[in-house]
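For reference, the structure discussed in these notes is given below.
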Protein chains: 2
Amino acid sequence: MAHSPKRKLFLDLVLSLFRLNGLLVAEGDQMAEALGLTSARWKVIGVVALANSGVTVPGIARVLGQSRQAVQRITDVMEKDGLLRYQENPDHKRSVLVCLTDEGQNVYTALRAVQDPWAIENTEDVPVEELEIGLQLVRRLIHKFDR
Amino acid sequence: MAHSPKRKLFLDLVLSLFRLNGLLVAEGDQMAEALGLTSARWKVIGVVALANSGVTVPGIARVLGQSRQAVQRITDVMEKDGLLRYQENPDHKRSVLVCLTDEGQNVYTALRAVQDPWAIENTEDVPVEELEIGLQLVRRLIHKFDR
DNA sequence: GTGTAAATGACAACATGCTGCTTAATGTCT
DNA sequence: AGACATTAAGCAGCATGTTGTCATTTACAC
């Protein structure tokens, strides 16, 4: 395979990405645990919090690149737990808007207090250029596969 | 957060990694589908094929960074399907060795015929340096989280 | 307007992964 | 040899994510 050293490089990368994904989910679970969250809810609350106005369930799914059914189940539980609130959507009779409740806002704030130091700590000894190139590569691959 | 531009960079990277993971699993499912495999079985058969001698189930799990139960269920199905074979382990009375059957070897060969062009195609317009730095970053993060 | 395509919700079936528990085999230290 | 820790299997329960199907609502082209 001398004419394509990239091949093995790429396959190594893919295998490593699978592994890193598992570790990141575990990290998310650990960080969110103290707040009564899980990694899946961590992802969802992040999307809802960043959208200052409400977002629909399929909208969250599109941002996360997941199925709307998977997101729906998470939001249903979080609504029951009082973190999210469904609000009438003037633009759509059936598709309600998902918003943070006050409690949800508090939890998100607490989450940030854990998440931000985590992010800073884990990039302390990583050069900015490496992060930038890595993100560029990941985005490039996402764009390649997301059709 | 002016003193840590890395923070947002890193969080963006993590979110993108979640998404890329989902897309990669979908790619794996699509490639493996014609061979009657799934992405999970794709991962397992790859590990078994690379270990010319047999490997134990917990051994596969360690390579993939997954729980042994998750791997065990996959190997059980693949053994029933005739792709894998359990072989007595002289070093351990209970922990058998997992090997490829002839059919498993054929499937793996067919898999390579799909997987290698896929890898080459998806790196055509990506500079080698970007792949190398990306892999380095991913490995760095794995090492950071894998304790 | 009307008809068709796309988006959404609701429900079900299934694959993949995790943890916790108990029991058995293996390795190590004294 | 005996005690102890480690590693492994097997089983159960659960979280997360996927696909498929169907009915309803919305969007768009004609």
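Labels below follow one simple rule: chain letters A, B, ... track the order of the sequence lines, proteins then strands, and each chain is numbered from 1.
- The distance from atom OH of A:Tyr86 to atom P of C:dA10 is 8 Å, rounded to the nearest whole Å.
- The CG-C1' distance, from B:Asn89 to D:dA9, rounds to 13 Å in whole Å.
- Among the heavy atoms of the strands lying under 4.0 Å from A:Ala40 are primed sugar atoms or P, OP1, OP2 only; no base atom is included.
- The CH2 atom of A:Trp42 sits 8.0 Å away from the CG atom of A:Leu111 when rounded to the nearest 0.5 Å.
- Nucleic acid contact class of A:Ser67 (heavy atoms, under 4.0 Å, all strands): base.
- The nearest whole Å value for the distance from the CG atom in B:Leu24 to the P atom in D:dG17 is 16 Å.
- Of the candidate nucleotides D:dT16, C:dG17, D:dG10, C:dG17 has the atom lying nearest to any side-chain atom of B:Lys43.
- For A:Gln72 and C:dT8, the CD to C1' distance is 9 Å, given to the nearest whole Å.
- What separates CD of A:Gln69 from P of C:dA15 is a distance of 17 Å, to the nearest Å.
- Looking only at atom types and distance, the side chain of A:Thr38 has no donor-acceptor partner in the side chain of A:Asp29 under 3.5 Å away.
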I'd like to know whether B:Asp12 forms a salt bridge (charged side-chain N to carboxylate O under 4.0 Å, His left out) with B:Lys8, so could you lay out the CA-CA distance, the side-chain angles of the two residues, the decisive distance to 0.1 Å, and finally the verdict. CA-CA 6 Å; B:Asp12 278 355; B:Lys8 180 157 173 30; 3.2 Å; yes

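- The nucleotide whose nearest atom lies closest to any side-chain atom of B:His92 is, among D:dA8, D:dG17, C:dG9, D:dA8.
- Between the NZ atom of B:Lys80 and the P atom of C:dA15 there is a distance of 12 Å, given to the nearest Å.
- Nucleotides of DNA chain D nearest to A:Arg94 and A:Thr38 differ in position, and the one nearer the 5' end is that of A:Thr38.
- Rounded to whole angstrom, the span from the CZ atom of A:Arg62 across to the P atom of C:dA6 amounts to 14 Å.
- In this structure a side-chain-to-backbone donor-acceptor pair under 3.5 Å is present from B:Thr101 to B:Leu83.
- Nucleotide D:dA12 holds its P atom 14 Å from the CZ atom of B:Arg68, rounded to whole Å.
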